[in-house]
Amino acid sequence: MADWVFDGGRVSIDLVNTLRDRKTGGTELLTSSAAVGEWFWQAGLATRPDVADVDLAHIRTLREAVDRVLRAPMGSRPPAEDVRLINEAAAAVPPVPPQLRYDRDGKPCLRPRSVADPVRNALAIIAVDAIETAVAAVVLRICAAEDCGLRFADVSPKRNRQWCSMARCGNRAKARKHYARSKDA
């Protein structure tokens with residue numbers, strides 16, 4: 001099982017974070033149909049971790065399109081091809097009434113009910129979330145840790161969050177600063 005993290009604050013951003021270590025060349029976590037199925041399941045997008053064969057190249061292309069659209073500076077137009085890919089994924093499954101669901105941790109979440117093709121359904125949910133994120137002008141940040149690069153929605157009151165997670169990168173940075181101060185003293 002991969003080291004999945006869901007600190008992005010939005011499912012579309014969590015998909016972007018399946019390419020890790022972007023600052024140092026990247027580590028791909030979506031390496032097989034089984035990995036995609038596991039990620040869909042962990043993200044609450046599938047009812048089972050096993051999915052049929054998936055088009056890894058398409059999912060990775062959609063992931064990078066979402067990243068470019070969400071990172072596009074306010075007032076600029078992202079590449080038309082990226083917008084087209086996201087819109088096509090969102091339209092691939094007809095809308096169904098949302099249902100209240102609970103994830104594995106017991107947290108409520110809103111997900112469309114299952115349809116015949118769980119992969120297309122999951123990609124549609126991700127694409128719709130990317131559209132909603134872009135329209136809401138969510139502030140997308142990149143973790144300030146030198147060795148991280150995860151993206152996250154900054155919903156802090158002052159919009160000045162620096163770390164993807166205080167438990168991971170924030171604590172390490174604070175520990176390094178403390179060590180440097182105590183070493184200098």
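Keep in mind that this is a model prediction, so the values were computed, not measured. By convention here, the first residue in the shown sequence is residue 1.
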*If you measure from the Lys or Arg side-chain nitrogens to the Asp or Glu carboxylate oxygens, is any gap between E64 and R60 under 4.0 Å?*
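No.
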
*Under a 4.0 Å N-O cut-off, is there an ion pair linking R10 with D129?*
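Yes, charged N to carboxylate O under 4.0 Å.
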
Could you tell me which non-hydrogen atom of [X] sits nearest to which non-hydrogen atom of [Y], and how far apart they are?
{"X": "C164", "Y": "C143", "value": "N-SG, 3.4 Å"}
{"X": "A145", "Y": "W163", "value": "N-CZ3, 3.5 Å"}
{"X": "A137", "Y": "M74", "value": "CB-CE, 3.5 Å"}

*asked:* Out of the candidates D14, D67, D7, only one should pair with R151 under the salt bridge (charged side-chain N to carboxylate O under 4.0 Å, His left out) rule; please name it.
replied: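 Option passing the salt bridge (charged side-chain N to carboxylate O under 4.0 Å, His left out) with R151: D67.
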
Shared hydrophobic cluster for [X] and [Y] (ILVMFWY, side-chain gaps under 4.5 Å):
{"X": "V11", "Y": "V135", "answer": "yes"}
{"X": "L62", "Y": "V36", "answer": "yes"}
{"X": "L30", "Y": "I125", "answer": "yes"}

If I take atom [atom1] from residue [X] and atom [atom2] from residue [Y], how far apart are they, to the nearest 0.5 angstrom?
{"X": "T18", "Y": "I13", "atom1": "OG1", "atom2": "CD1", "value": "13.0 Å"}
{"X": "L19", "Y": "L150", "atom1": "CG", "atom2": "CG", "value": "10.0 Å"}
{"X": "L123", "Y": "D117", "atom1": "CG", "atom2": "CG", "value": "8.5 Å"}
{"X": "L56", "Y": "E28", "atom1": "CG", "atom2": "CD", "value": "8.0 Å"}
{"X": "L140", "Y": "L70", "atom1": "CG", "atom2": "CG", "value": "6.0 Å"}

Flag side-chain contact, heavy atom, 4.5 Å: [X] against [Y]:
{"X": "L45", "Y": "N121", "value": "no"}
{"X": "I59", "Y": "R63", "value": "no"}
{"X": "R20", "Y": "V5", "value": "yes"}
{"X": "N17", "Y": "W4", "value": "no"}
{"X": "I142", "Y": "R71", "value": "yes"}
{"X": "V16", "Y": "R22", "value": "yes"}
{"X": "W39", "Y": "L29", "value": "no"}

*Take V69 and T133, measure what side-chain contact (heavy atoms from CB on, under 4.5 Å) needs, and give me the verdict at the end.*
CA-CA 10 Å; V69 165; T133 302; over 6 Å; no

*For side-chain contact (heavy atoms from CB on, under 4.5 Å), just list the numbers for R141 and Q162, CA-CA rounded to whole Å, side-chain angles, deciding distance to a tenth of an Å, and then say yes or no.*
CA-CA 8 Å; R141 299 242 188 260; Q162 296 181 41; over 6 Å; no

*In chain order, what residues pass the side chain to side chain contact (heavy atoms under 4.5 Å, CB included) check against S32, with sequence neighbours excluded?*
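If we apply the side chain to side chain contact (heavy atoms under 4.5 Å, CB included) test to S32, skipping adjacent residues, the hits are A34, A35.
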
_Between V66 and I86, does the side-chain contact (heavy atoms from CB on, under 4.5 Å) criterion hold? Intermediate values first, please._
CA-CA 7 Å; V66 168; I86 292 169; 4.0 Å; yes

*Do the side chain of D154 and the main chain of N160 share a donor and acceptor less than 3.5 angstrom apart?*
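Yes, the answer is positive, given that a donor and an acceptor are paired below the 3.5 Å cut-off.
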
*asked:* Are there over 12 heavy-atom neighbours, none belonging to R159, within less than 6.0 Å of that residue's CZ?
replied: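 For R159, atom CZ is crowded (more than 12 foreign heavy atoms under 6.0 Å).
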
